[in-house]
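Just below is one structure, and these are the notes that go with it.
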Amino acid sequence: EVARTVPVHDRGAFVGDKARIDAFFTKDYNMINQGHEKYAGVQGGFLVLRPSEAAFEEYVDIVLEGDYREGRGWGGKYGYFFGGAQIQGICS
């Protein structure tokens, strides 16, 4: 019942009465430069993750590819924000 009343980003994550949450995080809105940054990064100090070998391999592949673009983020997708080259950016 609680799942129906708590605001969530993706209601589709809840199927029937069972919820499967693979990741829980917050965005780091306090670290954005208002008016200059389009995206807020993931708050690297608060990440709750369900272990997943497939997700881990995806992260390893991203890091080994090394396609971090200064001012544009990993793969050029997100732009600049504090910690964008670290865990905050790669999780975004």
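- Of all heavy-atom pairs spanning Ser52 and Ala55, the tightest one is OG-N, 3.1 Å.
- Considering Val63, Leu64, Ile62 in turn, Leu64 is the only one that fulfils the side chain to side chain contact (heavy atoms under 4.5 Å, CB included) rule with Val60.
- To the nearest 0.5 angstrom, Phe56 atom CZ is 10.0 Å from Asp61 atom CG.
- Atom-to-atom distance recorded for Trp74:CH2 and Gln86:CD is 9.0 Å, nearest 0.5 angstrom.
- Around the CD atom of Glu53, the shell of radius 6.0 Å holds no more than 12 heavy atoms that belong to other residues, nucleotides or ligands.
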